[in-house]
Colleague: 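This is the structure I have questions about; it appears just below.
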Amino acid sequence: MSLHSNKFIALALVCLMAISANAQKTGSKSTAGPLPNANQLRWQDMEMYAFIHYSLNTYTDQEWGFGNEDPKLFNPSQLDCRQWARVCKQAGMRGIIFTAKHHCGFCMWPSKYTEYSVKNSPWKDGKGDVVRELADACREEGLEFAVYLSPWDRNHPEYGRHAYVEYFRNQLRELLTNYGDIFEVWFDGANGGDGWYGGANETRKIDRTTYYEWPETYKMIRQLQPKCLIWNDGSDRGDLRWVGTEAGNVGETNWSLLYRDGDVPYQMLHYGVEDGNVWCPGETNTSIRPGWFYHDAENEHVKSLSKLMDTYYKSVGRNSTLLLNFPIAPNGRIHPNDSLRGIAFKQMIDEVFKDNLADKAKTTHNGDVYTIDFKRPTAFNRFLAEEDIAKGQRVRKFSLEALVDGKWQPLKDELVDNGDGLTTIGHRRIICFPTVKATKLRFTINSYKLEPIIKKIGVYLAPELTADIPNSGEKKSSGLHIFFGSPQQMFIDWDAEQTISTFRYLPPQDTKDGIVTHYTLWGSTDWNNWQKLATGEFSNIVNNPIWQTIKFPEAKVRVLRFEADRLSSGTRMGYGDIEIK
């Protein structure tokens, strides 16, 4: 090979390296990946909508019913779906998803395929239909309407066999043909386990990837409700995805893309995948209270305004939507604590984003750098950017700098605890940082898949939230001693005999290992003779690691023994806190 040839190869390599380095920033010039369809674009613009959890669980103080609860328990004295719709609208919700059937199998409409429904309750002499009343109320208030239908049914005798799949589709068909337009169908990921099952009282397992025959069900939904979106966290891709937690946040990096096939681990659910081959954006679901259903004990534990704003920034502000739950109280109405906090939440959002300081400034655009010149020192603490996602999600990374006293200083998102910088924008990205007073703000797009299309930039000064008043009515037990007799056995003893009727368990908050899912609670006055006080399960505790309350008849004890009959994972039980009353 000649010297001239070597020089040519060297020059080619240099050029190739330069092209490669530039591609890291500019990305491919051919495609930004999958694009959203019209239904997904319309859904993303909704931004916030409400969950309504209401069923027999409301009257049994449970999160998951077993399937044998008496329909006669359902007899609300003041059920008012128009109140629900008004509250949700005033709280900034654009629609409502209603739990038409939860895991217990009780139907909140008079389904002709089962006797386990409102038609056999005392409410309205069995002639009522909660789904109908809520669908009508939503349309009166200009809200979209949607339904949650649990695939798991702990009441139905055929669950686990093919006959149940036909039953499930028949119920879905009722909901999709009798109540007008439906904007979303929500299929819970809880599938199979113990239940009443028509009196069998046994555990039934299913293969969730094949049992429900989702492709056929999806086909039916598309035919009956062409504008309806499908939420499903299983291996069969719906139109929307779960974000891997019920805590009210999605990943600071959040791609609206997934792989079409295969299982979806937590990392994919929470952050999406940059090179995904299907558009499947994340929906962030959480409750305004610790639990999904109403419990009297949670009346003083409605989420604070600061917590709700944090949730907003970590959901809508991270390229997601927010599905916020309002449980219905036993009287058939949203509790005043919930409604007042929800309305205050909407008012605070309006207050934060009422005045876009960028509208009064001069914005220049030079390549991938946007500079906002305020002309004079201006205070701000929020930044907002939106991509035109109809043409794809393109931005990988960006940075923010403020010109303070003549010097550029970087701005970091105080809600993000990592060293990756600012990543992904999508439909909307909101960055929160301590208030700065600057004459200019510089927004630089550092890496992208395809030429970015930024359709909106916003700069705001959010008011400072005052500290929330501590909840009253619950105090930690004092004078007790906690130690472990074995990795799955906790002892709590006092210096003197106590009369108690409630045991509360907070699982560990920073890990899923060691969470107690099934338990037995024993009491003794002498360490020798033990009385079983309670046994059972903490339903959904892994996905929603909140305070769990065990109630039992009053008992005199000197020591408690809390046994982990089953753990979520790991070999040693963990806990965040314990309360006893």
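All residue numbers in this chain count up from 1 along the given sequence. Hydrogens, waters and symmetry mates play no part in the numbers below; they use all other heavy atoms, side chains included. Small disclaimer: the values here were computed from a predicted structure and weren't measured.
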Colleague: Quick one: are the ring centres of His156 and Tyr167 less than 6.0 Å apart?
Modeller: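 Judged by ring-centre distance (under 6.0 Å), His156 and Tyr167 do meet the cut-off.
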
Colleague: Between Asp61 and Lys551, is there a side-chain N and carboxylate O pair less than 4.0 Å apart?
Modeller: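 Looking at Lys551 together with Asp61, the answer is yes, because their closest N to O distance falls below 4.0 Å.
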
Colleague: Begin from the C-alpha positions of Leu172 and Ile221 and carry the test side chain to side chain contact (heavy atoms under 4.5 Å, CB included) through to its verdict.
Modeller: CA-CA 8 Å; Leu172 183 58; Ile221 296 171; 3.9 Å; yes

Colleague: Looking at Arg561 and Glu563, is any side-chain nitrogen of the basic one under 4.0 Å from a carboxylate oxygen of the acidic one?
Modeller: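 Looking at Glu563 and Arg561, the cut-off is met.
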
Colleague: Strictly by modelled atom types, are Thr209 and Asp207 linked by a side-chain donor-acceptor pair under 3.5 Å?
Modeller: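 Asp207 and Thr209 do have a side-chain donor-acceptor pair below 3.5 Å.
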
Colleague: Rounded to the nearest 0.5 Å, how far apart are CD1 of Ile425 and CG of Asn319?
Modeller: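 Between atom CD1 of Ile425 and atom CG of Asn319 there are 10.0 Å.
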
Colleague: Report yes if some heavy atom in the side chain of Leu56 is under 4.5 Å from a heavy atom in the side chain of His102; otherwise report no.
Modeller: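 When only atoms from C-beta onward are counted, His102 and Leu56 do not touch, as no gap falls below 4.5 Å.
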
Colleague: Who are the salt bridge (charged side-chain N to carboxylate O under 4.0 Å, His left out) partners of Arg154, not counting sequence neighbours?
Modeller: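 In terms of salt bridge (charged side-chain N to carboxylate O under 4.0 Å, His left out), with neighbours along the sequence ignored, Arg154 is linked to Asp194, Glu537.
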
Colleague: List the steps and the verdict of side chain to side chain contact (heavy atoms under 4.5 Å, CB included) for Cys280 and Leu240.
Modeller: CA-CA 5 Å; Cys280 191; Leu240 311 171; 5.5 Å; no

Colleague: Can you list the steps and then say if Ser568 with Thr517 is a side chain to side chain donor-acceptor pair (under 3.5 Å)?
Modeller: CA-CA 6 Å; Ser568 58; Thr517 61; over 6 Å; no

Colleague: Can you find a heavy atom in the side chain of Lys581 that is under 4.5 Å from one in the side chain of Ile500?
Modeller: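 The answer is no; the side chains never approach within 4.5 Å.
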
Colleague: Report yes if the side chains of Trp231 and Glu283 come closer than 4.5 Å at any heavy-atom pair, otherwise no.
Modeller: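 Yes, their side chains come closer than 4.5 Å.
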
Colleague: Looking at every heavy atom in both Gln44 and Pro281, which two are closest together, and how far apart are they?
Modeller: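 It is OE1-CB, 4.1 Å.
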
Colleague: Would you tell me whether Thr253 and Thr423 have side-chain atoms, one donor and one acceptor, within less than 3.5 Å of each other?
Modeller: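 Yes, Thr423 and Thr253 have a side-chain donor paired with an acceptor closer than 3.5 Å.
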
Colleague: Pick from Phe293, Phe106, Trp152: which one makes a ring pair (Phe, Tyr, Trp, His ring centres under 6.0 Å) with Trp64?
Modeller: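 That would be Trp152; it is the only one of Phe293, Phe106, Trp152 passing the ring pair (Phe, Tyr, Trp, His ring centres under 6.0 Å) with Trp64.
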
Colleague: Please step through side chain to side chain donor-acceptor pair (under 3.5 Å) for the pair Asn232 and Tyr218, ending with a clear verdict.
Modeller: CA-CA 11 Å; Asn232 193 346; Tyr218 286 8; 2.9 Å; yes

Colleague: Judged by modelled atom types alone, do Trp109 and Glu174 share a side-chain donor-acceptor pair under 3.5 Å?
Modeller: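 There is such a pair (donor and acceptor under 3.5 Å, judged by atom type) between the side chains of Trp109 and Glu174.
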
Colleague: Measure up the Phe503 and Phe562 rings against each other and bin them: parallel (under 30°), tilted (30 to 60°), perpendicular (over 60°).
Modeller: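 Taking Phe562 first and then Phe503, their aromatic rings sit tilted (interplane angle of 30° to 60°).
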
Colleague: By salt bridge (charged side-chain N to carboxylate O under 4.0 Å, His left out), which residues pair with Glu144, not counting sequence neighbours?
Modeller: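 With neighbours one apart ignored, the set is empty.
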
Colleague: Is the closest side-chain heavy-atom distance between Asn201 and Trp196 below 4.5 Å?
Modeller: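 SC-SC contact between Asn201 and Trp196 confirmed.
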
Colleague: Is it true that Tyr164 and His162 have ring centroids separated by less than 6.0 Å?
Modeller: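 Centroid distance Tyr164-His162: not below 6.0 Å, so no.
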
Colleague: Evaluate the side-chain proximity of Met573 to Gln489: yes if any heavy-atom separation is below 4.5 Å, no if none is.
Modeller: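 A side-chain contact is absent here, since even the closest heavy-atom pair is not under 4.5 Å.
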
Colleague: What's the verdict on side chain to side chain donor-acceptor pair (under 3.5 Å) for Asp513 and Ser569, showing C-alpha distance, side-chain angles and the deciding distance?
Modeller: CA-CA 5 Å; Asp513 282 344; Ser569 60; 2.5 Å; yes

Colleague: Should the pair Glu252-Lys314 be classified as a salt bridge under the 4.0 Å nitrogen-to-oxygen rule?
Modeller: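 No salt bridge links Glu252 with Lys314.
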
Colleague: Kindly compute the distance separating CD (Gln171) from OG (Ser117), expressed to the nearest 0.5 Å.
Modeller: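 The distance works out to 9.0 Å.
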
Colleague: If we only count heavy atoms from C-beta on, is the Thr549 to Thr502 side-chain gap below 4.5 Å?
Modeller: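 Sidechains of Thr502 and Thr549: in contact.
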
Colleague: Do Asp275 and Tyr259 have side-chain atoms, one donor and one acceptor, less than 3.5 Å apart?
Modeller: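 Tyr259 and Asp275 do have a side-chain donor-acceptor pair below 3.5 Å.
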
Colleague: Rounded to the nearest 0.5 Å, what separates atom CG in Asn544 from atom OG in Ser287?
Modeller: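 One finds 7.5 Å between CG of Asn544 and OG of Ser287.
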
Colleague: Just checking, is any N or O donor in the side chain of Asn299 or Arg289 under 3.5 Å from an acceptor N or O on the other one?
Modeller: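 The answer is yes; a qualifying pair exists.
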
Colleague: Tell me the closest heavy-atom pair linking Thr284 and Asn249, and the distance in Å.
Modeller: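 That closest heavy-atom pairing would be CG2-N, 3.5 Å.
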
Colleague: For Gln393 versus Asn254, what's the shortest heavy-atom pair and its separation?
Modeller: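 So the minimum-distance heavy-atom pair works out to NE2-O, 3.0 Å.
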
Colleague: Would you check if there is a donor-acceptor pair between the side chains of Tyr54 and Trp84 at a distance under 3.5 Å?
Modeller: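 Trp84 vs Tyr54: no donor-acceptor pair found between side chains.
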
Colleague: Are any side-chain N or O atoms of Asn325 and backbone N or O atoms of Ile288, one a donor and one an acceptor, separated by less than 3.5 Å?
Modeller: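 Side chain of Asn325 to backbone of Ile288, a donor-acceptor pair under 3.5 Å: no, none is there.
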
Colleague: So Val264 and Trp242, side chain to side chain contact (heavy atoms under 4.5 Å, CB included) or not? Walk me through it.
Modeller: CA-CA 10 Å; Val264 189; Trp242 185 43; over 6 Å; no

Colleague: Can you pull out every ring pair (Phe, Tyr, Trp, His ring centres under 6.0 Å) where at least one residue sits in residues 309-331? Sequence neighbours excluded, please.
Modeller: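 Residue pairs with at least one partner in residues 309-331: there are none.
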
Colleague: Out of Trp547, Phe538, Tyr519, which residue meets the ring pair (Phe, Tyr, Trp, His ring centres under 6.0 Å) rule with Tyr505?
Modeller: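 When ring pair (Phe, Tyr, Trp, His ring centres under 6.0 Å) is applied between Tyr505 and each of Trp547, Phe538, Tyr519, only Phe538 qualifies.
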
Colleague: Measure the CG-NE2 distance between Asn155 and His103 for me, rounded to the nearest 0.5 Å.
Modeller: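 Rounded to the nearest 0.5 Å, the CG-NE2 separation comes out at 14.0 Å.
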
Colleague: Counting only heavy atoms not in Arg566, do more than 12 fall under 6.0 Å of its CZ?
Modeller: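 Count not over threshold, so no.
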
Colleague: Check Phe187, Trp186, Phe98 against Tyr148 for a ring pair (Phe, Tyr, Trp, His ring centres under 6.0 Å) and give me the one that passes.
Modeller: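 The residue from Phe187, Trp186, Phe98 that satisfies ring pair (Phe, Tyr, Trp, His ring centres under 6.0 Å) with Tyr148 turns out to be Trp186.
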
Colleague: Please answer whether the main-chain N or O of Gln531 pairs with a side-chain N or O of Ser524 as donor and acceptor at a distance below 3.5 Å.
Modeller: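 Pair absent, no side-chain N/O of Ser524 close to backbone of Gln531.
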
Colleague: Can you tell which of Asp239, Leu257, Leu258 makes a side chain to side chain contact (heavy atoms under 4.5 Å, CB included) with Trp279?
Modeller: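 Result for side chain to side chain contact (heavy atoms under 4.5 Å, CB included) with Trp279: Leu257.
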
Colleague: Taking atom OG of Ser339 and atom CZ of Arg333, what is their separation to the nearest 0.5 Å?
Modeller: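 That separation rounds to 9.0 Å.
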
Colleague: Less than 4.0 Å between a side-chain N and a carboxylate O, is that true for Arg204 and Asp153?
Modeller: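 Here Asp153 does not pair with Arg204 in a salt bridge, since their nearest N and O are not under 4.0 Å apart.
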
Colleague: Nearest heavy-atom pair of Ala146 and Glu184: which atoms, and what distance?
Modeller: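 Closest approach of Ala146 to Glu184, heavy atoms only: CB-O, 3.0 Å.
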
Colleague: Any chance the side chains of His295 and Glu63 put a donor and an acceptor closer than 3.5 Å?
Modeller: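 Result is yes, a qualifying pair exists.
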
Colleague: Pair Glu216, Arg169 - check salt bridge (charged side-chain N to carboxylate O under 4.0 Å, His left out), show working.
Modeller: CA-CA 9 Å; Glu216 191 64 28; Arg169 284 207 193 111; 5.9 Å; no

Colleague: Using the side chain to side chain contact (heavy atoms under 4.5 Å, CB included) rule, take Tyr271 and Met268 through it: C-alpha gap first, then chi angles, then the decisive distance, then the call.
Modeller: CA-CA 5 Å; Tyr271 301 100; Met268 288 187 190; over 6 Å; no

Colleague: Taking side chain as C-beta onward, heavy atoms only, is Thr58 less than 4.5 Å from Pro327?
Modeller: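 Answer no - side chains too far apart.
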
Colleague: Roughly how far, to the nearest 0.5 Å, is CG of Leu323 from CD of Glu246?
Modeller: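 One gets 10.5 Å once the value is rounded to the nearest 0.5 Å.
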
Colleague: Is a donor from one side chain sitting under 3.5 angstrom from an acceptor on the other, for Ser150 and Asp188?
Modeller: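 Asp188 and Ser150 do not have a side-chain donor-acceptor pair below 3.5 Å.
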
Colleague: Flag the pair Pro76 / Asn331 as yes when at least one side-chain heavy-atom distance between them is below 4.5 Å, and no otherwise.
Modeller: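 When only atoms from C-beta onward are counted, Asn331 and Pro76 do not touch, as no gap falls below 4.5 Å.
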
